[in-house]
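Letters A, B, ... are given to chains in the order of the sequence lines, protein chains preceding strands, and every chain is numbered from 1.
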Number of protein chains: 2
Amino acid sequence: MKLDSEHLEILAAIVEQGGLTEGAEALGKSQPSVSRSMALLEARIGLPLFEPGRRPLRPTELGASLARLGSRIHRANKEASLLVQRYRQGLAGRLRVGGSPIFMDGVVASMIAEFQSRHADVQIDQSYGYLNQLEAGLRNGGLDVAILPLHPGQVPPDLEFTPLLGGNNVIACRAGHPLTRTRGITLNHIAPYAWIAPPADSPLYRDLQRSLKSIGQEDFRVNFSGGTLASIQSVLTGSDALTVLPYSVVFLSRRTIPLEALPLKIDHAERQLGILRVSDRQLPPAVRQLTGFLLTECQRLQARMDHDQQITRRRG
Amino acid sequence: MKLDSEHLEILAAIVEQGGLTEGAEALGKSQPSVSRSMALLEARIGLPLFEPGRRPLRPTELGASLARLGSRIHRANKEASLLVQRYRQGLAGRLRVGGSPIFMDGVVASMIAEFQSRHADVQIDQSYGYLNQLEAGLRNGGLDVAILPLHPGQVPPDLEFTPLLGGNNVIACRAGHPLTRTRGITLNHIAPYAWIAPPADSPLYRDLQRSLKSIGQEDFRVNFSGGTLASIQSVLTGSDALTVLPYSVVFLSRRTIPLEALPLKIDHAERQLGILRVSDRQLPPAVRQLTGFLLTECQRLQARMDHDQQITRRRG
DNA sequence: TTGTAATATCGCTTTGCGCTATGAAACTGG
DNA sequence: CCAGTTTCATAGCGCAAAGCGATATTACAA
């Protein structure tokens, strides 16, 4: 025999409020309604839930015990409502974010940290990948959003791309590197130094090739390759090697790590860091929250970078 | 917004069983029924509970979270059903038993212990009182049953009395008391000894008076009075004092305490130990269980006492 | 006893669950 | 890639029960 959970919740309200009328009021129902519900419940279990002939309705032993269980049910139900509410507002849920390694480590991760400090109940699963993997992840539902640098013409038709930041690359070196004291850097100045390269299959590696080609350096010596941003930063600061990194990554890294960008214009791929997602699918509200958050954070970052570059340019 | 607990339980079943069809089967409902329930729930919360376009229906993050809560609700509900079932069979509940002190301590308590070892979830509240208090307790619902010695003509019309045991009293003394070695005891043999009396307001005290009067002893010296059975037993075994006790109490006490009943016929009040309860009120099933249990236990006890007395009579 | 407050009952409408039958969509194995 | 199979959704219909206001009944209090 299955009892109606709703009935048990009503019973709990009556017992807690000390009377049927008050219970009905607390539940937002009419008095006859709850009276009949209790009559039904009593009829089904075939045992009295209330002492007979007592006016401020008092539960029997059985009634009180069932009321305790009803109360438990009520709490679980309320928690469910709350969960839905928070989920609706993007304050709860799980978010699967994939992205290109350097940008995720150098730019996005710290912003996600900030986001999570405001939305404690949003669980974020971060993963790394390049365009193909990320696309696949988005399409098969393994990812909610992807964050990566992309050329506007590169966006697949079934996906939607929201730009966040300019994606221009710079040549980076440790602070205090000999080249930072050199005025009017040319290819000749750079030629002696070894290079740190990202994994050979990454877009950033192709950027590196292209950048060096754009300044006339066809072949280059790779000193270290394949590491994540943390490794690159370590090697960079511990040696005189050079590398190509997005300017935003260098900019943010400088807060804690002694890096500099060489004032040497290099060709870059007209890509922008942005958020890629499936266009028609309805996304969890937390995704919208994160998207909006990253957008404003990146706007602020862009403004700071622009400001900084103007000063550097005036000084340099 | 209030969610339907039933819907959450259904969701839990679907998630646990790994599919809507299996979930429906587990719930004993038809597949279309649970499908529509889920559609309703989804429509109410306005967010998807299942990944779209997946055939073995897979929950979204929100769906999985709600399913966990639904499972909690289901457990509470099942527990409620179980409670009702056990309560129906008299295996659970609270039982308020009142009774006259000597019989409760000397006869009923040990039987209740045995009852509880078989019905672990029946909680018993025992209290003491005489007829008037017990009647009041039964009528105002403070007691479920009362156990006391009563004359058949004494039973109030709105109450019902079930006899358990003969209520005849005997004169009791310690084992090895000088009188136990005396043949053909008369009033003269008894006269020198002091008496232990129950509280002066108790029926047993009036029994004592009446008993002694019936054997011709009009005035008697009271050595000790007012104690419960345990005190009486202690004083009795530690002195040569005499007292009047129900034979059943002496019989059962002998298992652990060196007492004896003097082979002297005394008048007794034609009362019987029995169970008194309100006649029209529907009692908790556990009461019926206890009533039945006490009835058979007392029958066995009566048989043992009869047997024992035959032997004693043959010997004496 | 009488007035008051609490509960039960009545009549009615609406909601939603139960079922069967059937359509649509996704998976599976060649 | 194509049929067959499985899985889920929808439609239509009857019924149980929740909702309400109005009203009768009953316990408590003064």
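- Taking every heavy atom of residues 24-32 of chain A and every atom of DNA chain C, pairs under 4.0 Å involve A/Gln31, A/Pro32, by number.
- Closest approach to the B/Ser33 side chain among D/dA18, C/dC19, D/dA9 is made by C/dC19 (side chain taken as heavy atoms from C-beta onward).
- For the pair B/Leu57 CG and C/dA26 C1', the computed distance is 11 Å after rounding to whole Å.
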Go through the steps to decide whether A/Asp121 and A/Tyr87 satisfy the test side-chain hydrogen bond (donor to acceptor under 3.5 Å, both in side chains), and finish with yes or no. CA-CA 9 Å; A/Asp121 290 341; A/Tyr87 199 90; over 6 Å; no
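- Between the side chains of B/Ser71 and B/Arg68, no donor-acceptor pair is found at a separation under 3.5 Å.
- Listed nucleotides: C/dC19, D/dA9, D/dG19. Nearest to the side chain of A/Ser37: D/dG19.
- Remark: A/Asp144 does not engage A/Arg94 in a salt bridge, criterion side-chain N to carboxylate O under 4.0 Å.
- As a whole-Å value, the separation of A/Leu40 CG from C/dT9 P is 11 Å.
- The separation between B/Asp4 atom CG and D/dG19 atom P is 11 Å, rounded to whole Å.
- A salt bridge does not link A/Asp125 to A/Arg96: none of the charged nitrogens lies less than 4.0 Å from a carboxylate oxygen.
- An angle of 50°, rounded to 10°, separates the two end axes of the helix from C/dT1-D/dA30 to C/dG30-D/dC1, each defined over five pairs.
- Applying the 6.0 Å contact sphere to CD of B/Glu25 captures no more than 12 heavy atoms from other residues, nucleotides or ligands.
- Under 3.5 Å, the side chains of A/Ser5 and B/Glu9 contain a donor-acceptor pair of N or O atoms.
- Residue A/Thr21 places at least one side-chain N or O closer than 4.0 Å to OP1 or OP2 of C/dT7.
- What separates CZ of B/Arg54 from P of C/dC27 is a distance of 7 Å, to the nearest Å.
- Between the CZ atom of B/Arg36 and the P atom of D/dA9 there is a distance of 13 Å, given to the nearest Å.
- The side chain of B/His7 contributes no N or O atom lying less than 4.0 Å from OP1 or OP2 of C/dG16.
- Taking a 6.0 Å sphere around NZ of B/Lys78, one finds it holds 12 or fewer heavy atoms contributed by other residues, nucleotides or ligands.
- Residue A/Ser35 places its side chain closer to C/dA8 than to any other of C/dA8, D/dT10, D/dT7.
- For the pair A/Phe50 CZ and C/dA8 P, the interatomic distance rounds to 8 Å; values are reported in whole Å.
- Here the P atom of nucleotide C/dT9 and the CD atom of A/Glu42 are 10 Å apart, to the nearest Å.
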Let me see the working for A/Thr162 and A/Arg277 under side-chain hydrogen bond (donor to acceptor under 3.5 Å, both in side chains), right down to the final yes or no. CA-CA 9 Å; A/Thr162 310; A/Arg277 60 180 194 275; 3.3 Å; yes
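- Remark: the B/Glu79 side chain and the B/Asn77 side chain contain no N/O donor-acceptor pair separated by less than 3.5 Å.
- When each of D/dA17, D/dA18, D/dA9 is scored by its nearest atom to the side-chain atoms of A/Arg44, the top-ranked nucleotide is D/dA17.
- In this structure, CD of B/Glu22 is placed 9 Å from C1' of D/dT7, rounded to the nearest angstrom.
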